[in-house]
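The structure appears right after this line, and notes come after that.
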Amino acid sequence: MGDTKIPHVPTAVIFDFGIGDFRVRPDLKMGYQACLNASRKVAEGSIGVGTGATVGKLFGMERAMKGGVGTSSIQGPKGIIVGALVVVNAFGDVFDPVSNQILAGARISRKSARLADSSKWMKRGVARKQFGAVTPSDANALNTTLAWLPPTPILQKKSCIRSHRLPTPV
């Protein structure tokens, strides 16, 4: 990756410098254009903050798949709506909780689209060579998943603090 300064906003960026050109940064013009393009419809997939996101990194980037950004919402009692905007740039696989099927993740080989099931391989003792501190040469080993869950009701300060302290990824 080379030497570079990486500007960031804590808790609002993903570590995706191994994808594309790490020197390319959003600028004022791009931010302004994003505001002009804002709408009620949220673009999903490998776009915006999800552009460099990947998943299924157990066997390295050559067998990983694209991650991205997605959104969903649910309406509860009395018209309260809770939405979620999630950016998935995870080490592991992405599962459908209803079908328990892997949607995206590590592939069985570089050229295959068939999924390997990372958790199965990890239970057999397969591990990445490097966990923990990452050197610039292994920038692809970095993982982050962000989630924003805005409810429609106005929350009191105490409720906001409590929701902020909910479990976060390790």
Side-chain angles (χ1 to χ4, degrees), residues 1 4-58 61 64-106 115 118-119 128 131-134 139-170:
M1 182 162 81
T4 187
K5 291 182 180 179
I6 301 170
H8 71 280
V9 178
T11 71
V13 295
I14 62 170
F15 294 102
D16 60 353
F17 303 114
I19 304 295
D21 185 344
F22 66 89
R23 294 167 295 207
V24 175
R25 304 272 189 272
D27 58 19
L28 265 163
K29 185 177 176 184
M30 293 167 84
Y32 185 78
Q33 189 61 48
C35 291
L36 293 176
N37 294 343
S39 73
R40 290 187 167 278
K41 176 124 176 73
V42 178
E44 296 180 286
S46 183
I47 188 166
V49 69
T51 300
T54 53
V55 297
K57 300 171 190 161
L58 178 63
M61 290 301 290
M65 293 179 79
K66 288 293 299 160
V69 61
T71 184
S72 185
S73 64
I74 187 168
Q75 185 167 347
K78 300 179 184 177
I80 294 174
I81 300 171
V82 177
L85 178 75
V86 178
V87 184
V88 181
N89 184 44
F91 172 81
D93 300 334
V94 177
F95 280 87
D96 178 330
V98 175
S99 69
N100 202 31
Q101 297 294 309
I102 301 172
L103 302 176
L115 299 172
S118 296
S119 62
R128 279 292 305 257
F131 279 101
V134 178
N140 296 320
L142 295 167
N143 313 288
T144 42
T145 295
L146 304 174
W148 179 52
L149 302 145
T152 52
I154 297 172
L155 298 177
Q156 299 297 323
K157 184 177 180 178
K158 189 175 182 179
S159 298
C160 290
I161 291 169
R162 196 176 2 225
S163 68
H164 175 73
R165 290 184 180 156
L166 290 173
T168 56
V170 215

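Start at 1 with the first residue, then count along the sequence.
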With Asn37 via side-chain hydrogen bond (donor to acceptor under 3.5 Å, both in side chains) - residues at least two apart: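 Asn37: side-chain hydrogen bond (donor to acceptor under 3.5 Å, both in side chains) contacts with Gln33.
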Partners meeting side-chain hydrogen bond (donor to acceptor under 3.5 Å, both in side chains) with Ser118 (sequence neighbours left out):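 Expected list: Asp93.
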Note, Asn89 side chain near Thr54 side chain (heavy atom, < 4.5 Å):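 Asn89 reaches Thr54 side chain to side chain.
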Qualifying side chain to side chain donor-acceptor pair (under 3.5 Å) pairs, either residue in residues 64-83, two or more places apart: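 Every side chain to side chain donor-acceptor pair (under 3.5 Å) pair that includes a residue of residues 64-83, provided the two are not neighbours, is Ser46-Lys66.
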Val88 to Ala53 - nearest heavy-atom pair and separation: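 Smallest heavy-atom distance, with atoms named: O-CB, 3.2 Å.
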Heavy atoms from other residues, nucleotides or ligands near CG of Leu36 exceed 12 (cutoff 6.0 Å):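 Yes, CG of Leu36 has more than 12 neighbouring heavy atoms, counting only those of other groups under 6.0 Å.
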